[in-house]
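Each ligand, and each atom within it, is numbered from 1 in the order the structure gives.
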Amino acid sequence: MTIDTRLKNRWVYAFGDGVADGDASMKNLLGGKGANLAEMSSLGLPVPPGFTITTEACNHYYKKAKSYPPELRAEVAAALAIVEKRVGKGFGSRDNPLLVSVRSGARASMPGMMDTVLNLGLNDVTVEGLARLADDRRFAFDSYRRFIQMYSNVVLGLDHHMFEEILDDRKDALNVSVDTALTAEDWQGVVRDYKAAVERALGHGFPQDPQDQLWGAIGAVFESWMNERAKFYRRMHDIPEAWGTAVNIQSMVFGNMGETSATGVAFTRNPATGEARLYGEFLVNAQGEDVVAGIRTPQSLTRAAREEMGDTAPSMEEAMPEAFHEFVHAVGRLEHHYRDMQDIEFTVERGRLYLLQTRSGKRTARAALKIAVDLAGEGVISKEEAIMRVEPTSLDQLLHPTIDPSATRDVIAAGLPASPGAATGRIVFTAEAAVRESAGKEPVILIRHETSPEDIRGMDAARGIVTARGGMTSHAAVVARGMGRPCVSGAGEIEIDVAAGEMRTRGRVWKAGDIITIDGSKGEVIAGAVPMVEPELSGDFAQLMTWADQHRRLHVRANAETAVDARTALQFGAEGIGLVRTEHMFFDADRIAAVREMILADDEAGRKAALAKLLPMQRGDFVDLMTIMEGFPIAFRLLDPPLHEFLPHTEEDLAAVARATGLDAAKLLRRAGELAETNPMLGHRGCRLGISYPEIYEMQVRAIIEAACDVAASGKVGPRPEIMHPLVAKAEEMAFLRALTDRVAKEVMVERGVTIDYSVGAMIELPRAAICAGELAAHAAFFSFGTNDLTQTTFGISRDDSGRFLNAYIDNGIFEKDPFISIDVEGVGALVRMGAERARARRPDVKLGICGEHGGDPASIAFCEEVGLDYVSCSAYRVPIARLAAAQAALARKS
Ligand code: PEP
Ligand code: MG
């Protein structure tokens, strides 16, 4: 909304007595706290009168050599006069003193990062006035000493320990242990000592003029915008420095005026579970900081909560029923007004309720889901709003067992949160040990320097995986996410000694067999077993997903190779498979021998003989996938990695393979040497294998079409296989691969007498393929953007080695996010956009998808929606995230 012209160019906005200059829409100018105080005041809720100095004034302060705008003093004086009138007290008055709080309040909440001063306006004279007004000397001097301590710390820069020591010494001298045992005279003595300490430390007395106090506090709040804590918090939460903080100056109300006074914090719903019940705590006869400091145990708000907790101290409902009922009514109004769960601070002063703050409450993923669905069910928000209220990636927390949030964690190493979820098991250091131990049903955690495709069975057997090296798209991370195994990658502080069967981290030694827990959502390795909570896929989750599906345009498929992956994908709502990495099927123990035989063959005949052994195995796998995904499309990506990945690497391994298979050890060694490449990522891989050894792709195409014939013959809905060629760059390559595919498919269909509705396409993983997508489209019915390789080849950054230096790029702000996780819209995205446009121009009905890791990242999915791709494909466990993100992207484009 536009600001009333009367209010334009003002630095100060007042609120209180049922009116306000600002409102909730003015968060940018007034900060979250200031805007909501204004809004609550206009709603007629009991808010202590006050005023807000704008974030613009803070920006002025920093831009103009830490000086205030010239008009500010007069505007503050005028606003203070209004507050005095509203409250009926005078700032600095000896008989009827107005005290104020001075608090920060940025546009986004930054809890505890900036400074606050309470009880401002007290001095040696006004403290007597307060004592008379309150008819309570003890309260007045307790308030004064709190003020001296807070102000001296926040504004004068003195260490608060100095004051705590003075207080402790006095308590010792009086032989008491709690503050409540101190009398008015005792507090008066503490005030004397505090003031003397300030004088000693600074060479001048504690400021007595309330105006000096006020401007000192305003300056301190502006200064606190740039303190180290605040800067760090802003970096962590992407809050721009240019936002600045507002300053809220508000008349004080006291929760520490005896047994009919109290202070507390409440959430309108449970922020951990989302349950629609008032949740929170309060303290009788206390000031706000006492709740935060945790010195006294707070009491429940409601009687029900007290009974559940088994507390003996009375709840607010029981101790102050009138204030409680007024409070319940007020928070109900606030939730309804803001149409979201609120986090509210309040004070009761001698039985009278005041609201000091309201904001949308932070919540767990579980609570976010329940609150969104419940609010839509209650008619407070629309279903579309409910969809927009849940952060898609937070669903991760719900799809895997996770560590009980109340559990204590003894973290022994930290790495990247490569694959979410948590798992507990015994340490193993080799894939073989993982398979062996887990066969005895012993849960294990596989710890490796890095994983290679050979480890796949061990990874599958393990409950979780930890690697000391590798980034978010390292082999371990991609495979673990695909399998839904929790994984921590790049935990560089772990030193592994496989031979000794032990690892060292943070000065401790862990042996094979020791129990650890990993948290793949946080990237932590934890000592021992830690309690877990199981995922919940029905109820609110299912409801929100159904609503999301009604709004999304993008289809969502999964990347899956195994029957287990495919079933999981279906259960999570996948509408097909966007990527079957067919080589994953070659790593099974009973297949790898035939694969190695094929690689070692001297000639085409030898290769064909070995491939003939692999054919029935691949066909069997494909039949399984087509049967499970009945009727849904499946994109089978033909062999992609360089062949040497299938050969054993060390001499010992070579000897072991030779013994087990009867293959010639010397030949094996020679061949491994021949196949070694300087830069395998840019080497003999992808469709280059199919062009130099066409018999490999012929076998794979045959396996796919034969499987489709078998499935069609079994009466299942006709499978629609998509045969996808990796790493294509040239139209001539595509023409060659297309001819090969059609020839073999035709052969099989003629042999079987069945027609299969198959299609041939390519992955776009090279800049040239994106640029020349029009020419490629002459021979391809579909394209899938392989953005893992496309990112690698566009930046020229190896996806396997990026972990070593990308952090420095992110820390220095060169990359905002890891481009292997969230698509680089300007570069890689431009190629995707160009590829899509050029492919469509040549072939309007071309089908377009994405199957790199970006297919499960909400920001990248929004980009795919904008470019108009037909589908995204991601690991099975990210399918619900992609469904929600796709719905949000579609809704965002409509609005
Ligand atoms: C890709 O490159 O984006 C892709 C999906 O293929 P892979 O990760 O198997 O190289
Ligand atoms: Mg690739």
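Annotation: His684 is in aromatic contact with Tyr693 [ring centroid separation under 6.0 Å]. Side-chain rings of His725 and Tyr697 approach one another, their centers coming within less than 6.0 Å.
Figure legend: cation-pi geometry between Arg591 and Phe586 absent, as NZ or CZ is not positioned both under 6.0 Å from the six-membered ring centre and within 45° of its axis.
Using a 30° and 60° split on the angle between ring planes, Phe572 and Tyr877 fall in the perpendicular class, above 60°.
Residues that satisfy the ring pair (Phe, Tyr, Trp, His ring centres under 6.0 Å) test with Phe622, not counting sequence neighbours, are Phe636. Applying the ring pair (Phe, Tyr, Trp, His ring centres under 6.0 Å) test to Tyr809 and every residue at least two apart in sequence or in another chain returns Phe815.
Distance alone, capped at 3.5 Å, places no donor-acceptor pair between the Gln618 side chain and the Ala703 backbone.
Within the protein, the N, O or S atoms sitting under 2.8 Å from the Mg ion (ligand 2) are Glu765 OE2, Asp789 OD2.
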Does ligand 1 have any N/O atom under 3.5 Å from a protein N/O, and what are those pairs and their distances?
unit_1: ligand 1; atom_1: 2 (O); unit_2: Glu765; atom_2: OE2; d: 3.0
unit_1: ligand 1; atom_1: 2 (O); unit_2: Asp789; atom_2: N; d: 2.9
unit_1: ligand 1; atom_1: 2 (O); unit_2: Asp789; atom_2: OD2; d: 3.1
unit_1: ligand 1; atom_1: 3 (O); unit_2: Gly786; atom_2: O; d: 3.2
unit_1: ligand 1; atom_1: 3 (O); unit_2: Thr787; atom_2: N; d: 3.1
unit_1: ligand 1; atom_1: 3 (O); unit_2: Asn788; atom_2: N; d: 2.7
unit_1: ligand 1; atom_1: 3 (O); unit_2: Asn788; atom_2: ND2; d: 3.4
unit_1: ligand 1; atom_1: 6 (O); unit_2: Arg637; atom_2: NH1; d: 3.3
unit_1: ligand 1; atom_1: 8 (O); unit_2: Arg581; atom_2: NH2; d: 2.7
unit_1: ligand 1; atom_1: 8 (O); unit_2: Asn788; atom_2: ND2; d: 3.0
unit_1: ligand 1; atom_1: 8 (O); unit_2: Arg799; atom_2: NH2; d: 2.8
unit_1: ligand 1; atom_1: 9 (O); unit_2: Arg581; atom_2: NE; d: 2.7
unit_1: ligand 1; atom_1: 9 (O); unit_2: Arg581; atom_2: NH2; d: 3.4
unit_1: ligand 1; atom_1: 9 (O); unit_2: Arg637; atom_2: NH1; d: 3.2
unit_1: ligand 1; atom_1: 9 (O); unit_2: Arg637; atom_2: NH2; d: 2.9
unit_1: ligand 1; atom_1: 10 (O); unit_2: Asp789; atom_2: OD2; d: 3.0
unit_1: ligand 1; atom_1: 10 (O); unit_2: Arg799; atom_2: NH1; d: 2.9

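Judged by distance alone, the side chains of Asn559 and Ser875 never bring a donor and an acceptor atom under 3.5 Å apart.
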Does the pair Glu722 and Arg637 meet the rule for a salt bridge (charged side-chain N to carboxylate O under 4.0 Å, His left out), with working shown?
-> CA-CA 8 Å; Glu722 298 169 345; Arg637 199 266 307 273; over 6 Å; no
